[in-house]
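We name chains A, B, ... by the order of the sequence lines, and we start the count at 1 in each one.
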Amino acid sequence: MNALPRVLVIDDDFGRDWSGANRKRKGFCDRAGLLDITSDFEQDRKKIHERKEDVLAAAVFCSGLRNVNGSAEHDLEGTLDIIRRGWSEWPRWGLVFLDLKFITGKIGPDGDPEGRKCDADPKEFFGLTILERMFRDPVMKEIPVVILSGMERNRIEERFANHGALDFEPKKEELGDARLSELLDAHGLIEAEAVDVNGRRTALVGHSVSFLKCLREARRRARRAAENDVGDNILILGESGTGKQLIAEYLHGRAMGIKSRRGKPIGQFRTLFTQGAPETLIDDRLSGHMKGAFTGAKSDEPGEAEQADNGTLFIDEFGCIPPILQPKFLRLLDKNTREIQRLGANSEPRKVRLQVVMATNEMDVLHGGGFRGDILARIGIGEAIGLPPLRDRQEDILSLANLFLRKYEREFKAQKREISEAAKKKLLEYGWPGNVRELEDAMIAAVDNSRGLRALTPNHLKLKGIVSRTSTPRLETSGLTSSQISQETSSLTLDELLRLVESFQFDPYNHAHIDGVWNRLEAAHARMLKNYLRAALISERRKRPGKPEGEPKPVPTVLRMLGDPKKKNQKYLAGRIIRKILSAIPREEIFSDPVLREMEERYPREVDKPGKDDVEGRADATSD
Amino acid sequence: MLNDWQDRRSKFNHDWLKNGFLANLNTFLVRLGKKSPVQEDLEFFIREELPEWERRIAEADWLFKTVEDEMSPKRYFDVPPLVHCGEETKQWLPELVHTLWLDRYPVQKLRTDGSAALSRANSEYAALKTALQRTRILSLERLRPLKSRLVALRDAASDLRDILSAFDQDVRRI
């Protein structure tokens, strides 16, 4: 059973009553379906773990104030500390409700502060100060915040919208359980339901931030698909083995749930596999056929698209669709037509209403390689749901490992086992290039090979490689995988990154900030230049017969990097710069990357010998 | 800087009516709908939270009666720099500004609507109070039939809240 989603309510109404009664908080919880787990709230601790029917989430309340000699004062650092601590480990805040106006001043006999005029001044709202501090913090800015206030919003709309607030809940007296449920669904970082629509236990297990953000995006898209009469087209990008089909099923379950509640017709989840299948078979599976359409077509058969009418058509490995079939997919993906015609049919095409979920790990989709522009325009690349690779979901690894262990212990009738500390370490340090599928395979092997044992030790983990979590993942010959692109393109813009680097100040009184950081700084600088070179090489690749992934062009690449196409001695310059960048990176790291390996081979580094700089450096050191 | 009227409006409307009275009233309605609410919570609302209406509602009356004077842009003539205007100018300009303000913005209509909403809410409260006086025992069975009266009070108080929120957030400049 999943943990209850946890919400943080930062509101002076709840908790500022120092007399201890705090009835407002209790009333708020009763209205919104919350279980108060604030440490100052007297209750049976066991209740936290009981999933009561009318409880949607567990709530921690924070007044944002502190009592200073009988006066209520804003407590910015204390509040930020509570936010930060509750975010650092699971169960972390799924949603934060933030009030705007916090009443300060001398605390009266009734426990309420008398208030100051500045408390109600929109320019001085303490809630906005908290929000702005959260937004400036690279970790806390990920936390979903909904403004919860009875104050007039017009004059401050831009300010809170610009600092990451996701919604504004205008009147707290109206926040009931139905609305809380909507807000959690739309904005909350919450786990997937433990069972799917058919009541089966789902493997959508995990609570890492990247995975929960992916689920939230999936819920958003499912909502939109369910609201649209002709459905929607949704693209899922993720490396092989990350669980794209599970996300597609999640999308289906969510969308069908919404449609069902609204009395709309619902349909089936159908899958169309394209990888390795001949064109004719893909066409037949997608469109269906009429009797006599081809040899062996003994009766009329609907295709997957028709069978998924009002439901979901999941197209796995969408990148493998042959070019010749693309016009047919276009008719299906175009929401104005949404039609399909069976092979051999003479009648008008059939209209269908469905959500089309496409999954791929082919970055060619993003680069437009092999796809018609009109198809790319319809699959919603810009809104693709990115499924993170397992190496980016470290806190999910052990939960998933345990999930698979329990499953296969039951299946093989094996002993129930615990994962030893050393095995946990090995699981966490491994890079999981094959993602969740590889982890599942490893657990199957571990259980199958030692059915009678009650401990899983490092010896039982037959991992394919020695890829460490921190090493650079290999590139596939067909291009970059989605996660590699997402690793390269962080949410920071280049300007933001440079500003951040340029303005970073080291703390002169914090030894950990200074001691031995030189090597890391040098390495980080070198890697950044390497990533820059790699991106430029890929962007300048030219396709040639026999080289569908493209051929690198070092000279235009370097000129592009330097932003000056008129440089003299272009070939010499390109060689010098590429050699300089690569020489700062360990050879094995370069050789694990086909794009850079080719450059290393073309511009081999010189044999190490002491250079002028080295000698000068030593002289400096000696004189010190 | 906020003036006194805005400050008192904020304390009454935001701090008490929205976050206190209406929130408590809604909670009570939610609890009435539950299978087995805590009796103590129900009694606390009827005995302590609901009667707060009588203690606070005069503030709404004051807000409606004074809004035209307190929020008028003629107030700018009481503080620098317009306080330095010549006496002769002060004889006519503040009143002209006030008249223009009333002409351009629906202050008087809001005031009239607000007073009417206040009167309605007071009537609903009085009716509920009478009904409660007939109900000596505050059991769930006795309280549930009063739900429609409670909802009527909530709706009237919500109208009052909305009208109070609709007044300007600042003293306007004409």
If you look at every heavy atom in B/D15 and A/K24, which pair is closest and at what distance?
O-NZ, 4.4 Å
Are the charged groups of B/R31 and A/D30 less than 4.0 angstrom apart, N to O?
yes
Under 4.5 Å from any heavy atom of chain A - which part of B/F44
side chain
Around A/K106, counting heavy atoms of other residues, nucleotides and ligands shown, do more than 12 lie under 6.0 Å from its NZ?
no
Between B/D4 and A/K117, does any NZ, NE, NH1 or NH2 come within less than 4.0 Å of an OD or OE carboxylate oxygen?
yes
Near A/N69 CG, under 6.0 Å, is it more than 12 heavy atoms from other residues, nucleotides or ligands?
no
Are there over 12 heavy-atom neighbours, none belonging to A/E158, within less than 6.0 Å of that residue's CD?
no
What are the two closest non-hydrogen atoms of A/M151 and B/S10, and how far apart are they?
CE-OG, 4.4 Å
Side-chain donor/acceptor of B/K18 to backbone N/O of A/S149, under 3.5 Å:
no
Distance-minimising heavy-atom pair for A/D13 and B/N19
OD2-CB, 3.0 Å
Need one label for B/N13: side chain, backbone, both or neither, based on atoms under 4.5 Å from any heavy atom in chain A.
neither
Roughly how far apart are B/H14 NE2 and A/L100 CG, rounded to 0.5 Å?
7.5 Å
Does B/R149, at its CZ atom, have more than 12 non-hydrogen atoms belonging to other residues, nucleotides or ligands within less than 6.0 Å?
no
